[in-house]
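Sequence lines set the chain letters: A, B, ... in the order given, protein chains first and strands last, and positions in each chain run from 1.
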Amino acid sequence: MTVRVRFAPSPTGYLHIGSARTALFNYLYARHTGGKFLLRIEDTDLARSTEESTRSILEGLKWLGFAPDEEIVFQSNNAEKHREAARKLLAEGKAYRDFTPKEQPTDASVKDAIKERARAQGSEKNMRDNPYRSLSTEESDARAAAGEPFAIRLKVPDVRTESVGDWASPSGKTSFEDAVYGLQERDFSETEDLVLLRSDGHPLYNLAVVCDDIEMGITDVIRGQDHLTNTHKQLLIYAALGVKPPRFAHLPLIMAPNKGKLSKRKHGEVVSMTTYRDAGFVAAAFRNFLALLGWSAGEEKEIYSLDELIKKFSLEGIHRSNAVFNFKENDPRHWTDDKAIWMNAEYIRTMPLAELLPLVKNELKANKLWREEYAPDGRALMTSISSTKAQEFEASTEIGERPEAIAIDRPRHGSHDWFVNTVDLIRARFFTLKDFSSQGRAYFSEDFDLDAAAVAKNLTKFPELREWLPELAARFEAELGELGAQESDAGGSNDTGLPLTDACCSDRFFEANIEAVVKAFAEEKGTKLGVIMNGARTLLTGVAVGPSMLAVFETIGLERTLMRLRSQVAWNG
RNA sequence: GUCCGGUUCGUCUAGGGGUUAGGACACCGCCCUUUCACGGCGGCAACACGGGUUCAAAUCCCGUACCGGAUACCA
């Protein structure tokens with residue numbers, strides 16, 4: 001039988017990290033087994049469900065890349081079927097009408113109130129002491145006909161006083177083999193006569209879930225461990241309905257750093273999936289992180305592509321103990337789990353450029369930094385001049401051996417190739433996609449801020465730079481400016497075989513030449529190279545960190561380098 | 001209270017009778033370097049506790065503690 005699993009969130013908030021992982025595990029299991037991954041929105045609680053929330057959940061799932069294989073099921077659409085099922089059980093004597101007036105909800109936290117009451121009742125509580133349980137069919141019918149409101153409860157067998165119904169196990173307990181937690185057993189006496197239908201006619205969770213899972217042909221239910229006791233109740237409903245239950249796999253929970261509950265209310269944004277999307281996380285990275293929270297392939301490996309996850313995923317690899325989602329509120333450096341941040345950085349600096357580029361494009365677009373010239377222009381979104389080649393060039397040509405001022409073909413500033421090279425250059429120190437528009441802003445715009453700390457550390461500390469840097473600009477202009485442009489002899493191709501549409505500018509403003517000029521300049525001024533380099537870095541990029549300055553000069557380009565070196569803004573603040 | 005789970009470095013985890021208890025993140029140090037949050041090398045750091053079983057227990061059994069979940073006419 002083909003596996004059919006479902007992710008069934010209730011739309012009472014955004015998609016949070018625990019649900020996201022449940023969705024992931026369902027998705028992986030479906031793909032691993034060649035089955036179907038379905039989505040059902042459990043919106044039977046009309047008071048709490050919102051459309052906004054449904055939208056948010058769908059958005060989160062979309063971001064993570066979990067598209068359902070069949071149409072989305074909205075549980076509320078099936079209410080009539082649920083009612084029918086309840087009526088059927090009532091007619092068969094497997095359920096009964098409970099005319100007890102509905103309790104008014106307490107003001108205090110519902111959860112606490114329930115806990116309190118449960119504690120007060122202790123172990124004395126008899127789950128079968130409902131007076132309406134044994135009401136005669138005639139009287140029950142009569143009262144109902146008279147318009148008296150009632151809830152419908154499942155008649156869980158009382159093994160002490162009655163023979164077990166034909167729908168329930170004669171052993172006096174419900175039991176199932178959980179794929180994660182092993183054999184689970186529970187005495188009937190521990191399970192109350194649960195309400196199937198509210199007195200206002202609304203079907204309740206356990207009934208709705210069972211009916212829908214049956215209708216959707218669900219073979220494996222993979223859900224949070226907080227449903228463990230629900231499973232026993234649902235088993236009873238399956239039995240009453242005469243349907244063979246699916247297999248179950250319960251997942252350990254994801255806890256807050258204090259090992260307490262990770263709640264939307266207390267922890268807010270940090271548990272919301274859209275937060276990560278908006279914070280510049282790569283979906284693949286976050287998926288990878290999530291997969292390792294409570295699951296392991298049993299090997300010393302951290303980075304898994306989606307295909308690898310699908311291949312290696314198994315329910316046996318899921319843990320029984322809860323995992324802590326580790327983050328420090330009030331610490332911007334550790335605002336979310338360190339490993340998630342690291343994983344994201346790892347993806348950003350190692351993923352194929354072809355996959356990263358569209359993400360960077362979106363980020364730049366969102367910040368009005370994108371220019372159409374960066375687009376691939378009909379060519380594959382690949383580097384025609386890769387950074388690797390640039391490195392090879394660097395490595396193979398000792399500085400001393402190079403001609404005084406050689407010229408090489410480089411992508412024209414602002415072109416697609418330039419964009420690719422630039423992204424590849426700056427991604428090494430980035431953690432999120434946001435960094436491309438914040439720290440990396442100066443590569444894409446003239447309108448960028450100078451980081452105050454960087455200015456203090458690299459500029460104001462050396463007042464001479466106020467004169468020197470414009471002077472360096474003049475030097476660049478004189479030695480690497482005009483001359484090269486005339487020597488251009490851009491050929492028809494480079495050695496990737498692709499037409500050299502962009503790499504036309506063989507001016508001489510590139511690393512080896514720049515280095516010679518800057519070194520000579522520093523020597524002449526009798527200062528350390530670093531003083532010049534870091535001053536220039538701050539003026540050129542606005543920040544104190546980044547790639548090799550030689551590469552930065554070249555990437556920023558001669559024109560903008562001159563402009564920025566001559567800028568006095570840093571000194572006027 | 002009752003029922004059900006769980007417990008290996010700070011965190012995610014590997015290991016499930018014999019291991020110097022492994023990896024990753026974080027943290028710290030050193031190196032590289034024109035800066036650095038890149039990279040390289042190294043360090044710190046764990047089997048909850050008590051009993052048993054066994055030649056041998058982190059690993060199996062029992063108990064205790066602690067943590068979590070459930071206990072609703074919520075999902």
Results of salt bridge (Lys or Arg N to Asp or Glu O under 4.0 Å) for A:Glu302 - residues two or more places apart only: A:Lys339
Spacing of the P atoms in B:A24 and B:G43 (rounded, Å): 12 Å
B:G51 versus B:A46 - spacing of their C1' atoms, nearest Å: 23 Å
A:Asp451 (side chain) donor-acceptor with A:Gly542 (main chain) under 3.5 angstrom: no
Selection residues 179-191 of chain A - residue pairs positive for salt bridge (Lys or Arg N to Asp or Glu O under 4.0 Å), sequence neighbours left out: A:Lys173-A:Glu185
A:Thr44: partners by side chain to side chain contact (heavy atoms under 4.5 Å, CB included), with sequence neighbours left out: A:Gln75, A:Ala208
Stacked cation flag A:Lys301 on A:Tyr304, 6.0 angstrom / 45 deg: yes
Ion pair A:Arg40/A:Asp213, N-O distance below 4.0 Å: yes
Complementary nucleotide of B:U71, counting Watson-Crick and G-U pairs under 3.5 Å: B:G1
Nucleotides 12-21 of chain B: protein proximity per nucleotide (B base, S sugar-phosphate only, - neither; heavy atom, under 4.0 Å): BSS-------
B:U20: pairing nucleotide in any strand, Watson-Crick or G-U under 3.5 angstrom: none
A:Leu235 CG to B:C4 C1', straight-line distance once rounded to whole Å: 15 Å
A:Phe313 ring center near A:Phe25 ring center (under 6.0 Å): yes
For B:C27, the Watson-Crick or wobble counterpart (both distances under 3.5 Å): B:G43
Interface residues of residues 198-207 of chain A with RNA chain B (non-hydrogen, below 4.0 angstrom): A:Arg198, A:Ser199, A:Leu204, A:Tyr205
Residue-level proximity of residues 221-231 of chain A to RNA chain B when a heavy atom falls under 4.0 Å: A:Gln225, A:Asp226, A:His227, A:Thr229, A:Asn230
Interface with RNA chain B, restricted to residues 542-553 of chain A and to heavy atoms under 4.0 Å: A:Ala544, A:Val545, A:Gly546, A:Pro547, A:Ser548, A:Met549, A:Leu550
N/O (side chain, A:Arg333) to phosphate O (OP1/OP2, B:C27) under 4.0 Å: yes
Span that lies between the P atom of B:G16 and that of B:U33, in whole angstrom: 45 Å
Listed once per pair and sorted, the ring pair (Phe, Tyr, Trp, His ring centres under 6.0 Å) pairs that draw on residues 531-553 of chain A, sequence neighbours left out: A:Phe476-A:Phe553
C1'-based separation of B:C9 from B:C27 [nearest Å]: 12 Å
Aromatic ring proximity A:His227/A:Tyr205, centre distance under 6.0 Å: yes
All pairs passing side-chain hydrogen bond (donor to acceptor under 3.5 Å, both in side chains) where residues 8-18 of chain A contributes a residue, at least two apart: A:His16-A:Ser19
A:Phe431 and A:Trp335 aromatic centres sub-6.0 Å: no
Residue list, side-chain hydrogen bond (donor to acceptor under 3.5 Å, both in side chains) with A:Asp337, at least two apart or on another chain: none
Euclidean distance for P, B:A56 against B:G68 (whole angstrom): 37 Å
Gap between atom CG of A:Asp226 and atom NE2 of A:His250 - 0.5 Å precision: 8.0 Å
Side-chain donor/acceptor of A:Arg349 to base of B:C38, under 3.5 Å: no
Nearest-angstrom distance, P atom, B:U53 to B:U11: 34 Å
Any-strand Watson-Crick or G-U partner of B:G50, both distances under 3.5 Å: B:C62
Presence of salt bridge, A:Lys155 and A:Asp193, under 4.0 angstrom: no
Gap in Å between the two P atoms, one belonging to B:G42 and one to B:G50, rounded: 35 Å
A:Ile114 CD1 to B:G1 C1', straight-line distance once rounded to whole Å: 15 Å
Near-ring test A:Tyr132/A:Tyr96, centroid separation under 6.0 angstrom: no
Pairing partner (Watson-Crick or G-U wobble, both distances under 3.5 angstrom) of B:U33: none
Positions of residues 72-87 of chain A (non-hydrogen atom under 4.0 Å from RNA chain B), listed by number: none
A:Lys457: partners by side chain to side chain contact (heavy atoms under 4.5 Å, CB included), with sequence neighbours left out: none
